[in-house]
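We count ligands from 1, going down the list as the structure has it; atoms in each ligand are counted the same way. The analysis underlying the following values was restricted to heavy atoms, covering all of them including side chains, and did not include hydrogens, waters or symmetry mates.
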Amino acid sequence: MAILVTGGAGYIGSHTCVELLQAGEDIVLLDNFSNAKPEVIDRIRELGGRDFPLYAVDILHREGLEKVFAREEIEAVIHFAGLKAVGESVAIPLDYYQNNVAGTLNLCQVMARHGCKKMVFSSSATVYGTSTDVPFREDSPLSTTNPYGSTKRMVEDILRDLCASDGEWSVCLLRYFNPIGAHKSGLLGEDPNGIPNNLLPYIARVAAGKLKQLSVYGDDYDTPDGTGVRDYLHVVDLAIGHLKALDFTRSHKGAEAINLGTGRGYSVLEVVKAFEKASGVKVPYQMAPRRPGDIATCYADPTKAKKLLNWQAARELEEMCADTWNFTSRQG
Ligand code: WQD
C-alpha cells in the first residue's frame with residue numbers, strides 16, 4: 001500500500017517525498033502545481049531513487065480524488081496541499097477557506113469512503129497567535145490573527161471532531177515552527193514566486209544580488225538585540241518528523257497535536273550573521289518598522305515530539321543557512 005502525499009511537489013512536500021522513498025515507502029504524489037514547478041517531480045525521482053504515480057489533481061476536485069483512491073491502494077495521507085501566504089490570506093480570505101478548509105473536508109470524505117483513516121496534517125505554530133507565553137506547548141491557548149491561521153485552526157478542530165466520531169481514525173496535527181534550508185544536493189528548496197515574504201528566502205535573494213537589501217522589521221522588541229526571535233528548523237528534519245508521525249498513526253488512534261521545532265530561537269540579526277558566515281557573502285540590511293501581526297518571540301517546546309514520535313531536530317542554523325545558499329545560488 002502507498003502513502004498519498006497531497007502538495008507533494010511543494011517545498012516541504014518534496015523533501016518529505018524523498019525521505020519516504022529513501023525509507024522504502026511507496027508514494028502517490030498529488031499536486032495541482034499552483035505553486036510548484038513540474039521539474040521538482042524528476043528531482044524527487046532522482047533523489048528518492050524510485051518512480052511513483054503522479055496525479056495533477058486539485059483537492060477541491062472530488063472526482064479527481066475519487067479516481068486516485070479507486071486506482072491506488074492508499075494506506076495513509078500526508079496532507080500538505082493548501083495556500084500558505086499570510087498576507088495573501090487577508091486579501092483573498094474566501095480562497096483560503098475554500099482551498100484549505102473545504103479542500104480538506106473533500107479529502108477526508110473521499111478517504112472515509114475508501115476506508116483510509118490515517119492522516120498527517122500540516123498545521124502551523126501560527127495557531128498560537130500573539131501569545132507571549134513562550135515556549136509554546138501543545139496545550140497553550142490558541143488564537144489566530146489572519147485567515148491563513150484560522151484555516152489551520154479550523155482544520156485541526158474538524159480533524160479532532162472526526163476522530164471523536166469514529167475511533168478508527170488516527171491523525172497527527174503537526175505544528176511547524178519556521179522551516180528553512182534545502183536538500184543537501186541543492187536540487188530541492190524554497191523558491192517563491194515574486195518578492196519573498198519570509199526571512200530566509202529574502203536573505204538568500206539579497207545575497208544572490210537579486211534584491212538590494214533586507215528590511216529588518218523592528219529593532220525595539222523585548223528580545224536580546226531588539227529583533228524578532230523565531231524557531232528555525234531544517235526542512236529535512238521536518239520531513240523526517242513526518243515519517244515518524246506516519247509511524248505514530250500506524251500504532252495509535254485519535255488526534256494528536258505535536259510541535260515540530262528545535263526548541264531554540266534565533267533573532268533576525270543572528271540569522272543574518274549565520275547566513276553571512278555560511279555563504280561568505282555580505283547581506284546588507286536596514287532597520288524598518290515592525291511588520292503588523294508579528295510577535296517578539298516564538299519558539300517550541302519540543303518535548304512532546306521527542307516523547308511520542310522519538311523525533312528531535314538534528315541540524316543547526318549554520319547548516320540550514322549553508323543548504324539554503326547552496327540551493328539559491330544554483331537558481332538562474
Ligand atoms: C521571521 C522573522 C520577521 C522578513 C510566517 C507565518 C507563519 C509560517 C511561517 C506558514 C520575523 C522578520 C521577515 C523580512 C524581517 N507560515 N523578517 N524581514 O512571520 O515567523 O512566520 O512564516 O505556516 O504562519 O506567519 O516568518 O520568515 O516571515 O519572519 O525582518 O523581510 O523575520 O519580522 O521576526 P514568521 P518570517
Side-chain angles (χ1 to χ4, degrees), residues 7 10-13 35 79-90 96 99-100 121-132 134-136 142-153 155-156 173-181 190 192 194-207 210-235 238 241 259-262 265-275 283-300 317 320-321 324:
Y11 173 47
I12 304 170
N35 189 29
H79 178 32
F80 294 102
L83 301 177
K84 62 165 190 175
V86 173
E88 183 184 65
S89 79
V90 177
Y96 273 70
N99 275 278
N100 295 5
F121 173 64
S122 293
S123 188
S124 167
T126 195
V127 298
Y128 297 117
T130 53
S131 164
T132 52
V134 287
F136 294 123
L142 305 184
S143 71
T144 55
T145 55
N146 56 69
Y148 164 74
S150 300
T151 66
K152 291 294 174 190
R153 192 173 164 194
V155 171
E156 284 202 4
L173 311 165
L174 298 182
R175 294 180 180 160
Y176 313 156
F177 282 69
N178 291 57
I180 62 168
E190 189 176 21
I195 296 178
N197 297 308
N198 298 115
L199 182 62
L200 260 290
Y202 203 105
I203 289 179
R205 288 210 192 157
V206 172
K210 291 182 182 162
L211 291 168
K212 210 170 120 245
Q213 61 180 352
L214 172 72
S215 294
V216 177
Y217 298 139
D219 62 358
D220 57 351
Y221 284 109
D222 185 14
T223 60
D225 64 18
T227 67
V229 168
R230 295 290 182 274
D231 185 337
Y232 297 95
L233 83 155
H234 198 295
V235 64
L238 183 58
N259 287 338
L260 293 184
T262 65
Y266 287 95
S267 75
V268 176
L269 293 182
E270 284 176 315
V271 174
V272 169
K273 227 177 269 156
F275 194 94
V283 178
Y285 64 85
Q286 63 172 12
M287 293 303 175
R290 290 182 179 192
R291 186 172 63 177
D294 274 358
I295 56 175
T297 304
C298 172
Y299 61 94
L317 182 61
M320 303 180 210
C321 291
T324 299

TODO: Would you mind telling me if ligand 1 is within reach of the side chain of Val271, the backbone, both or neither, using heavy atoms under 4.0 Å?
DONE: neither
Task: Any donor-acceptor pair under 3.5 Å from Tyr96 side chain to Ala85 backbone - done: yes
- [ ] May I ask you to decide if Gly261's main-chain N or O and Asn259's side chain share a donor-acceptor pair within less than 3.5 Å?
- [x] no
- [ ] List for me each residue that meets salt bridge (Lys or Arg N to Asp or Glu O under 4.0 Å) alongside Arg175, sequence neighbours excluded, and say none if there are none.
- [x] Glu156
Open item on the list: Polar contacts were defined as any N/O atom of the residue lying under 3.5 Å from an N/O atom of the ligand; does this apply to Lys84 and ligand 1?
Closed with: no
Open item on the list: Measuring from atom 36 (P) of ligand 1, which candidate in Thr227, Val272, Asn198 has the nearest non-hydrogen atom?
Closed with: Asn198
TODO: Classify the contact between Leu214 and ligand 1 as side chain, backbone, both or neither, using a heavy-atom distance cut-off of under 4.0 Å.
DONE: side chain
Open item on the list: Please compare Ala296, Ala288, Ser215 and report which has the shortest non-hydrogen distance to atom 18 (N) of ligand 1.
Closed with: Ser215
- [ ] Decide whether an N or O pair under 3.5 Å exists between Tyr202 and ligand 1.
- [x] no
TODO: Heavy-atom distances under 4.0 Å are what count here, so tell me which part of Tyr176 touches ligand 1: side chain, backbone, both or neither.
DONE: neither
TODO: Taking all heavy atoms of Ile295 and all of Cys298, pick out the closest pair and write down the distance.
DONE: CD1-CB, 3.9 Å
Open item on the list: Run Phe275 and Leu200 through side chain to side chain contact (heavy atoms under 4.5 Å, CB included) and show every step you take.
Closed with: CA-CA 9 Å; Phe275 194 94; Leu200 260 290; 3.9 Å; yes
TODO: Taking Arg290 for its side chain and Asp220 for its backbone only, find out whether a donor-acceptor pair lies under 3.5 Å.
DONE: yes
Task: Option whose closest heavy atom lies nearest to atom 10 (C) of ligand 1, chosen from Tyr266, Tyr221, Tyr148 - done: Tyr148
Open item on the list: Can a donor-acceptor pair be found, under 3.5 Å and without considering hydrogens, that links the side chain of Asn146 to the backbone of Tyr148?
Closed with: yes
Task: Distance from atom 11 (C) of ligand 1 to nearest protein heavy atom, with residue and atom - done: Arg230 NH2, 3.7 Å
Open item on the list: Checking contacts here: is it the side chain or the backbone of Leu199 that comes within 4.0 Å of ligand 1, counting heavy atoms only? Could be both or neither.
Closed with: both
- [ ] Indicate yes or no for a side-chain donor-acceptor contact from Asp231 to the backbone of Ala300 under 3.5 Å, with no hydrogens or angles considered.
- [x] yes
Task: Candidate with minimal heavy-atom separation from atom 30 (O) of ligand 1, of Tyr232, Tyr285, Tyr217 - done: Tyr217
